[in-house]
Each structure stands twice: as structure tokens, then as C-alpha cells.
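Atom set for the values below is all heavy atoms of this structure, side chains included, hydrogens, waters and symmetry mates excluded.
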Amino acid sequence: ERMLTFSYLPSSLKKSRRCVGDKNTKSVFCLPPQTFDKILIANRGEIACRVIKTCQKMGIKSVAVHSDVDASAVHVKMADEAVCVGPAPTSKSYLNMDAIMDAIRSTGAQAVHPGYGFLSENKEFAKRLAAEGVTFIGPDTHAIMAMGDKIESKLIAKAAKVNTIPGFDGVVETADDAVKIAQQIGYPVMIKASAGGGGKGMRIAWNDEETREGFRFSSQEAASSFGDDRLLIEKYIDNPRHIEIQVLADKHGNALWLNERECSIQRRNQKVVEEAPSTFLDSVTRRAMGEQAVQLAKAVQYSSAGTVEFLVDSKKNFYFLEMNTRLQVEHPITECITGLDLVEQMIRVAKGYKLLHKQEDIPINGWAIESRVYAEDPYKSFGLPSIGRLSQYQEPLNLSNVRVDSGIQEGSDISIYYDPMISKLVTYGATRAEALSKMEDALDNYVIRGVTHNIPLLREIITHPRFISGDISTNFLPEVYPDGFKGHQLEVGNRRELLASAAALYITAQLRSQKVEVDGGKVEVSGQWNLASTLLPLTINGTDRMLQFKVRVLSKLAAELNSYMPEKVAEDTSSILRSPMPGSVVAVSVKPGDTVAEGQEICVIEAMKMQNSLTAAKQAKVKKVHCKPGETVGEGDLLVELE
């Protein structure tokens, strides 16, 4: 694995007694440092599995925590020990500090790795660990407080001579205050949670009405996700790139920047595809951003891995966005191009070791791309959550230079309680073109059934001419798909190939290779047919293809009779409101007899920690309300009827 070896021997390691260089392969292998005997991972899913893998590599015992519904989760099975910390809701389990502290005491864990999200940037949790002599694998409470608060972090960044976005340097108390501040700054503005991250508690407002609505939703999401509803407002930079710098610092005043990650492909302020390095940065801009990131880290005596996020405009002006004082979701692509295991570095730093490397030791070797595979319906707002059980699940690990960070397996349940991420699919190549080609193959070879997923959207993104050319921004998805994602639009030739493949598959019990006539044209389909496999590598008219089939082929008579079947009448969606996703009802804003205007909010559904406002499609009177706050609803459930 690239994250475990260096492609060369850094000068700072040449005298190390714990590192051995191999002249033939030009690689260096380092024995793990003596750190902790046992680490508790205060997280779940893929990031818990990721941390456990490094613990195993370093000879450290691991402790998993889990909610009752996660009792059979992969991270629980991987760990040496596991402790249940409460029921499914995050507030009662993964955010339950008392239960997690009890788990630490009962297992004798010496240190805690928080992963990302949950308690990873919670200063109170870090304080409680310190009070009991347990090491927090992350920065100290001062840095968490300083950088975790977006208002204070912006002031510190200014003082450290880091470029910042114009805005209001204080807490926004009320919706009225928000409107006044937004008018002073000038629209559009970004409303976001002071203690937040991960796209939660963030809204863009283009007018006073959207500012009031954004204030309400952002404060509610912030309170739900972070236990802190404070908000700030700043100028929204339209059509920017989102580029971040990975930093690594120790407790001895040493700090490095580990190059950048391009994270501009987003939906609802959450990243979808990331890559390292960025196609946009030149060496001068890269160094300037890296040096400012290190300046900020040193300003708060930062020690651990962290990420400084910037917005970059078309002229390569860059502005500080926020600092995440934790391991970032997309850290694997940095590991691929630098050869560093960031979790291992975090553990070393937490134990008090100095950094092994100098800035000149940090390379950019090759190119890495990460696709976030979600249990989401990409045809609804580029991805609304989908729940269910994985009836079939097969990762594309048969391919070279592919890494999959996941925390699920065949049979796992995707529930409404947690983030809908299935995995992080990472590909690596000597060049960007090679990494992209490998990603295309990996997505084609990824089998996920039982839940709706976003692989069709991911594949469209990485093969789109604009993405391939590097012409991207945070507005990429709405610009490329202004009417929403409709799926891959088949050309005539592609359609003919798929129809021919389906027909050939249908008769494969009798024939191994078959010429099929489709719309008057002949298509030759051949391959090693294995009907038990979910993947079918076929050769179609001389071109190699990887297909996943769920086929229903009708006989000629059945097809003719099928044409007489009555078509299902489309439902009048203007008079009814159904839930577009599974979730819980947060608020109902109407009652029977009320008259609502077109676009007026009717209710709010929360799904996987994101709140969604559902509105009326027309002006009408409310006939019946079928839901109430606190209820759990499924996708398609009837919520409100209008006359």
C-alpha cells in the first residue's frame, strides 16, 4: 500500500535506527514507534476501520464503541474490544461523552482517536480526557477552541497574516440581526455554524427572505450536529474553487504542509470528488498557500494532522475558509501522493515524538482521486439519502492502484441515523489521466445492490469534458446539470450495444458468442459468460466493456402483448406532498384549513443530520395533515394533502 512506504529515503531518515532503506526498490520501511498499548476509537464506520488498520500495523490494541444498531458493524468486528455506548441516535451514543468516558475507564485505553465528525472537534471532550490522563490523538484544547470557532479562527488568521474573506467578525444573535448584517456586507452571503463543518449548518442567501430562512435552518442543524447554534455571516465568493492544505505539526514547534487537495466538486456544500494535487495551482501559489497554512498552525501552537481550507478565485487569489482540527475525510489522496500514513503520524505526535520529515522531504508523487460513494439517490437534488440493506456488495479491489476505505459489508444496513457514506473509493496513477482511467474502471467494477447509490453520478463527473480539462468550481454540478442529474444519456451506438448484450446474455445457455441484430445493425458480443457473477467482462464489436446486468428479456409475443398494458397514471404532485427521503419530521408549519402560497414551507424533514424544507407546489387550502413532529417517515410517505 502506498500509504505505508516511501518511494525514496528522506534525508531526515538516513540516520534513523528504526528505518531501513532498500536500494533495489528505492523504498524505506520504518518500524513503528513505541507509543500506546491500547487506543479507543470514538467513532464508527469507515474512519473507525481506517484507524484500526494503522493500530494493527503499529501493534496497538484497539477498542471500538458502538450504538446498539451497530453491534454487528465491521469496525466492531475488527477491533480487539468493543463497548456499546447507547441507542441509535447519535446524541445518545456517539456523542454521549459520559458513556464513552466509561468505556475508556473499563477498557483501560490510554488514548482516544476521535476520527472526524462526532466529538473530533469538541473541546469539552478533549478537556475531560486530559483531566483523566488519557491522551487525545489530535491538537490540544487551545487549538480546538481557537480553530473550531469560525469567528475566533478568522480573527487569529488575520493576525497571522493569512488572507481572509470579508464578513462580520462576531456572533449573529437573531434573524433580524442576520438580515441587517447581510445588507451591510452585500448579497450574496454565506451563513454558517461557528462550530460546524462538513457542510452542515451552512446556507447561501441571496436576499433578506433567504437570510431569515438560512438563519433558522443553519442554527437548527448546528445545534443538532454540534451542540452549538452560534452562526456567523461572511461574503459569499461566487464560483470559487475549494482547495485545502494538509498540515502536520508536532509538540516541538515543527510544522509542515503536505500539499493540497482539490475539493471543488460539491453538492449542498459537501464534497463529492476530490483529487491531489490540483490542476489549477502552480508551484508559487501552492507554496504561498502552504506557508500561510503553516503560519496559522503555528499561531495556535497546533500539534497533529489538520487541514486549512481556502476558497480560490479565477485569478488564484485565495482566502482562508476554516481550519479542521482533525483528520479529514479525504486524507487518503494525500497519503497516496506523499507516502505518509497520516493516522500513524497523529499517533506519533500525540505520544510526543518529533516529526520525522522536513519540508523538502514532502513530494508530489503521481496523482490520486477520491470518489465518495454514498447511499443516495443522485437523481434527487444530486443525492438525497437512501436506506436499506446491502443485498450484494463487492468492492473493486481486484484492480491495481485502487484503495477502498469502507466500514460496511454485504448484509450491512444503511440507516437514517448516520451519514449515508458507503465508502471512499481512491485510485492512484503516475498521471492524472491514469488515475482517472483507473477510477472509471473501479466505478464500473463496484457492485452495490439493495440501496440506491451515487455511482452513476460519480462516473458522469469523472468522464465529463469539463472535469477532465480541470475547468471546475464549487458550482460544477448545478452548471453542468441545471435541471438536475438525469443519468447517463445513451447514444444510439451505446443503446444498441446494451440491447445486444442483453439478448446475448439471454441465450448464453446455448451459445458462447452471438451476433445480434439491433435496429437493422449487427452487433457482435462475446465473452466468458458466468451467470453467477455480478460483473460481466464482454467484448462488444471489438471493444472491452464491463457490464452489470439486471435483465428482463421478453419474447416477441410477450413484448407485443405488453404494449396493450395500461400505463400508470402519473400522480398529481401539486395536490399532495410526499417525503422525498426517509427521515424524521422536525416541524409541521400548517394545519387543515390553512391557505398556503406557492413555495411556502409546509414541513421540515431531517435525514442523516441534514434538514430539508418541503414546500407547496401551488396556492391551495390544506385538506389533511398526515404527519407530526417527531414521527419517522419513509420515502414516498404521504405528508400533506391540498385541495
Could you pull out all residues at least two apart from [X] that satisfy side chain to side chain contact (heavy atoms under 4.5 Å, CB included)?
{"X": "A368", "result": "I333, C336, I337, Y428"}
{"X": "P114", "result": "S120, F136"}
{"X": "S93", "result": "S67, V85, Y418"}
{"X": "S304", "result": "P139, Y302, M346"}

Hey, are the side chains of [X] and [Y] touching, using non-hydrogen atoms and a 4.5 Å cut-off?
{"X": "Q246", "Y": "T338", "value": "no"}
{"X": "I362", "Y": "L340", "value": "yes"}
{"X": "P277", "Y": "N259", "value": "no"}
{"X": "H66", "Y": "R44", "value": "no"}
{"X": "R348", "Y": "L356", "value": "yes"}
{"X": "V83", "Y": "L40", "value": "no"}
{"X": "R403", "Y": "D405", "value": "yes"}
{"X": "Y319", "Y": "E234", "value": "no"}

List the residues meeting side chain to side chain donor-acceptor pair (under 3.5 Å) with [X], not counting sequence neighbours, and say none if there are none.
{"X": "D250", "value": "N254"}
{"X": "Y446", "value": "Y393, S423"}
{"X": "Q110", "value": "D37"}
{"X": "H331", "value": "R50"}

Let me check something: any side-chain donor-acceptor pairs from residues 140-148 under 3.5 Å, sequence neighbours excluded? List them with distances.
{"residue": "D140", "atom": "OD1", "partner": "H142", "partner atom": "N", "Å": "3.3"}
{"residue": "D140", "atom": "OD1", "partner": "A143", "partner atom": "N", "Å": "3.0"}

Item to complete: Apply the salt bridge (Lys or Arg N to Asp or Glu O under 4.0 Å) test between R286 and each candidate in E260, E291, E262; give the one that qualifies.
Response: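 Among E260, E291, E262, the one that satisfies the salt bridge (Lys or Arg N to Asp or Glu O under 4.0 Å) with R286 is E260.
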Item to complete: Go through the steps to decide whether V112 and F125 satisfy the test side-chain contact (heavy atoms from CB on, under 4.5 Å), and finish with yes or no.
Response: CA-CA 10 Å; V112 172; F125 183 55; 4.0 Å; yes
Exam field: side chain [X] to backbone [Y], donor-acceptor pair closer than 3.5 Å:
{"X": "D341", "Y": "E335", "result": "no"}
{"X": "D68", "Y": "A88", "result": "yes"}
{"X": "R203", "Y": "F215", "result": "no"}
{"X": "T427", "Y": "A435", "result": "yes"}
{"X": "N43", "Y": "Y116", "result": "yes"}
{"X": "R268", "Y": "G383", "result": "yes"}
{"X": "Q359", "Y": "W257", "result": "yes"}
{"X": "H242", "Y": "I265", "result": "no"}
{"X": "D70", "Y": "A73", "result": "no"}

Minimum heavy-atom distance [X]-[Y], with the two atoms named:
{"X": "A71", "Y": "V76", "answer": "O-CG1, 3.5 Å"}
{"X": "V273", "Y": "S371", "answer": "CG2-OG, 4.3 Å"}
{"X": "I416", "Y": "G583", "answer": "CG2-N, 4.4 Å"}
{"X": "D419", "Y": "M421", "answer": "OD1-N, 2.9 Å"}
{"X": "K358", "Y": "L256", "answer": "C-CD2, 3.6 Å"}
{"X": "R216", "Y": "V604", "answer": "NH1-CG2, 4.4 Å"}

Calculate, to the nearest 0.5 Å, the distance between atoms [atom1] and [atom2] belonging to [X] and [Y] respectively.
{"X": "I605", "Y": "N612", "atom1": "CD1", "atom2": "CG", "answer": "8.0 Å"}
{"X": "T474", "Y": "N269", "atom1": "OG1", "atom2": "CG", "answer": "8.0 Å"}
{"X": "L425", "Y": "E395", "atom1": "CG", "atom2": "CD", "answer": "9.0 Å"}
{"X": "L281", "Y": "I245", "atom1": "CG", "atom2": "CD1", "answer": "7.0 Å"}
{"X": "I191", "Y": "S218", "atom1": "CD1", "atom2": "OG", "answer": "5.5 Å"}
{"X": "M581", "Y": "D377", "atom1": "CE", "atom2": "CG", "answer": "10.5 Å"}

Worksheet item: If you draw the axis of the six-membered ring of F320, does the NZ or CZ of K154 fall within 45° of it and under 6.0 Å from the ring centre?
Response: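 Cation-pi check for K154 and F320: fails.
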Worksheet entry | Chi angles and distances behind the side-chain contact (heavy atoms from CB on, under 4.5 Å) call for H113, V343 | CA-CA 9 Å; H113 196 298; V343 175; 4.3 Å; yes
Show me, pair by pair, the donor-acceptor contacts under 3.5 angstrom made by side chains of residues 157-165, not counting sequence neighbours?
{"residue": "K158", "atom": "NZ", "partner": "D169", "partner atom": "OD2", "Å": "3.0"}
{"residue": "N163", "atom": "OD1", "partner": "Q292", "partner atom": "NE2", "Å": "3.4"}
{"residue": "N163", "atom": "ND2", "partner": "F318", "partner atom": "O", "Å": "3.0"}

Discussion item. Walk me through whether E606 and S584 qualify under side-chain hydrogen bond (donor to acceptor under 3.5 Å, both in side chains).
Written reply: CA-CA 5 Å; E606 183 175 287; S584 59; 4.9 Å; no
Discussion item. Show me the pairs that pass salt bridge (Lys or Arg N to Asp or Glu O under 4.0 Å) and involve residues 297-309, at least two apart or across chains.
Written reply: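 For residues 297-309, and leaving out neighbouring residues, the salt bridge (Lys or Arg N to Asp or Glu O under 4.0 Å) pairs sorted by first residue read K271-E309.
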Fill in: Pairs meeting criterion salt bridge (Lys or Arg N to Asp or Glu O under 4.0 Å) with involvement of residues 74-95, two or more places apart
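For residues 74-95: K38-E81.
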Discussion item. Please check if the number of heavy atoms outside R389 that lie under 6.0 Å from its CZ is greater than 12.
Written reply: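 No, CZ of R389 has 12 or fewer neighbouring heavy atoms, counting only those of other groups under 6.0 Å.
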If the threshold is 4.0 Å, N to carboxylate O, is there a salt bridge linking [X] and [Y]?
{"X": "R372", "Y": "E330", "value": "yes"}
{"X": "D98", "Y": "R128", "value": "yes"}
{"X": "R261", "Y": "E274", "value": "no"}

Item to complete: With side-chain contact (heavy atoms from CB on, under 4.5 Å) as the test, would you mind laying out the steps for N454 and V373 before giving the verdict?
Response: CA-CA 6 Å; N454 69 331; V373 181; 4.0 Å; yes
Worksheet entry | Test side-chain contact (heavy atoms from CB on, under 4.5 Å) applied to I47 and V329, step by step | CA-CA 8 Å; I47 190 59; V329 175; over 6 Å; no
